[in-house]
Asker: 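Here you go, one structure.
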There are 2 protein chains.
Amino acid sequence: MEPLKTMSVVTDSPCPHRHNVNCGDCRMKALCLPLALELDQVEQLDRIIQRGRPYQREEHIYRAGDAFHAVYAVRSGAIKTFAMTDQGVEQVTGFYLPGEIFGMDGIAHTHHISSALALETSAVCEIPFTRLEDLSIALPSLQRHFFQLMSREIINDQRLVALIGKNSADERLATLLMSISTRNAKRNLSELRFRLPMSRADIGNYLGLTVETVSRVFSRFQKQRLLKVDKKEIEILDLGGLQELANV
Amino acid sequence: MEPLKTMSVVTDSPCPHRHNVNCGDCRMKALCLPLALELDQVEQLDRIIQRGRPYQREEHIYRAGDAFHAVYAVRSGAIKTFAMTDQGVEQVTGFYLPGEIFGMDGIAHTHHISSALALETSAVCEIPFTRLEDLSIALPSLQRHFFQLMSREIINDQRLVALIGKNSADERLATLLMSISTRNAKRNLSELRFRLPMSRADIGNYLGLTVETVSRVFSRFQKQRLLKVDKKEIEILDLGGLQELANV
DNA sequence: TTCGCGCCATGACGTGTGTCAATCAGGGTG
DNA sequence: CACCCTGATTGACACACGTCATGGCGCGAA
């Protein structure tokens, strides 16, 4: 057996969840807010960002009804956001991976209308919103970058509407898998082998399908030699075939 | 026959599409961008807004591929926005009524990725985006207001995802009708009688349904005495019943 | 007027996905 | 070890909605 890779969270370099990392040193800086900023501007942003201890699996970052005061960036792990319809039905609204921003739907109101929880142990940067607003006035490129981030969120949601409204179960799941694959590639992880952080139920909820259908599609994809599936471990055997199914 | 009501667009008071109206006099100012601004700030905003001649039915405000340089506010009429999937399938992404802002999905890129066209004769305010950004730096309340507008767009899209992913055809159409009804009420129009500006095909496309299903649901709603339907003219007979079906 | 064309409505039929139920594997606990 | 519990898989069946086809209505053109 090879030596243990990470003994504890206190180990200072290789632990992905350590929280004493500033933006300049963060592995995700190329994907995240600092993208459009000069070095000294990144330092200004850095000073307003708050980093707490990592969240454990199933722990909430915020809940619907909480006062809204920040947006969040994922540094490690995976986050799911979801809303409740007034009949008490959960609606998963998104899965967020390292380098991605979530919580922007809270800006419209004084309180969150959706919730966010960690799907696995996750480190999260908290960006107090009023201070981000102030800084955006001082740094026009930050303002622009944040407008663009929100616009991208709108585009993503619209694509999801199209996906759910017009595509079959196979196409929906293929699209989600391709999305995770390409997002992994951006983070220099394998685009062919990865572990899904969310349950089948979450996937179904997100894609407008039942758990049973999600399960059947996974089985079908295995029979067609598109995937190798072992619980949450996914290996893409035929990226081209999956891409063709996916709604790009 | 009674006297003609509006002889021409030059008539200065009752024509809903006239374009020589500034924000301060606009009937929609309570719903639109100026909402959060002081009087002198509204004047500043007013100076950057461009108002052209009204758009005719089926005329494009912008097309996918056009350079992005502005967001838009509807002053009269009705606008539909839509994207094309790369297989050439149209996806209607929204219907916009007077006082509402559209085009925010273009901010993320240098070019529009969706298109917008007038469903009927419509007057539209064009808000050049770089000037809006500049002004947002000078007027923090404008920056905040615009962040909130975009956030609201995100929330709307997420609700649409839930609607399409989890609700029946009846519930989807009821929700759209209730949405139009309440938006009409905000504009001091009747919430019980209105004319749908879009075709059955547009409704179906937006809600992830076929034209035939939309047609059948309208018929069903008439049999159940929820609605009176005459082509595009809608009269809501049982607002409570419709509300109950709607996903609020 | 008559023709043609969109748009809408309605019926017959097929099917993809939901529903319900049974079973299984894995992980935690006593 | 047995036990339970949650998540996942698989099968049988039902049904809501899509598909295909027909026909009507209203409107503009000739």
Asker: Given A/Glu235, which of A/Arg195, A/Arg193, A/Arg225 fulfils the salt bridge (charged side-chain N to carboxylate O under 4.0 Å, His left out) condition?
Answerer: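 Of the listed options, the one satisfying the test is A/Arg193.
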Asker: Quick one: A/Arg57 CZ to D/dG7 P, roughly how many Å, whole number?
Answerer: 8 Å
Asker: Would you call B/Lys80 and B/Glu90 a salt bridge, using N to O less than 4.0 angstrom?
Answerer: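 Salt bridge flag = yes for B/Glu90 with B/Lys80.
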Asker: Would one find more than 12 heavy atoms of other residues, nucleotides or ligands at under 6.0 Å from atom CZ of B/Arg220?
Answerer: yes
Asker: Looking at DNA chain D, which of residues 207-218 of chain B put a heavy atom within less than 4.0 Å of it?
Answerer: B/Gly208, B/Leu209, B/Thr210, B/Glu212, B/Thr213, B/Arg216
Asker: Expressed in angstrom and rounded to an integer, what is the separation of A/Phe221 atom CZ from D/dT9 atom P?
Answerer: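 One finds 13 Å between P of D/dT9 and CZ of A/Phe221, rounded.
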Asker: By the definition ring pair (Phe, Tyr, Trp, His ring centres under 6.0 Å), identify the one residue from B/Tyr72, B/Phe68, B/Phe82 that meets it with B/Tyr62.
Answerer: B/Tyr72
Asker: Rounding to an integer number of Å, can you tell me how far B/Leu173 CG sits from D/dC17 C1'?
Answerer: 14 Å
Asker: State, without any angle test, whether A/Asp105 and B/Ser151 hold a side-chain donor-acceptor pair at a distance under 3.5 Å.
Answerer: no
Asker: Side-chain donor-acceptor pair under 3.5 Å between A/Thr81 and A/Thr93, yes or no?
Answerer: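 Checked: A/Thr81/A/Thr93 side chains pair up, N/O donor to acceptor below 3.5 Å.
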Asker: Could you tell me whether A/Glu100 and A/Lys186 make a salt bridge, using a distance below 4.0 angstrom between a side-chain N and a carboxylate O?
Answerer: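 Looking at A/Glu100 and A/Lys186, the cut-off is not met.
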Asker: Does the side chain of A/Ser168 pick up a donor-acceptor pair with the side chain of A/Arg172 at under 3.5 Å?
Answerer: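 There is no such pair between these side chains.
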Asker: At a heavy-atom distance below 4.0 Å, which nucleotide of DNA chain C is the first touched by chain B, and which is the last?
Answerer: C/dC8 to C/dA12
Asker: Does B/Lys166 reach a base, just sugar-phosphate, or nothing at all? Heavy atoms under 4.0 Å.
Answerer: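 Nothing, no nucleic acid heavy atom in range.
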Asker: What is the distance, to the nearest angstrom, from the CG atom on B/Asn167 to the P atom on D/dA16?
Answerer: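 Rounded to the whole Å, the gap is 15 Å.
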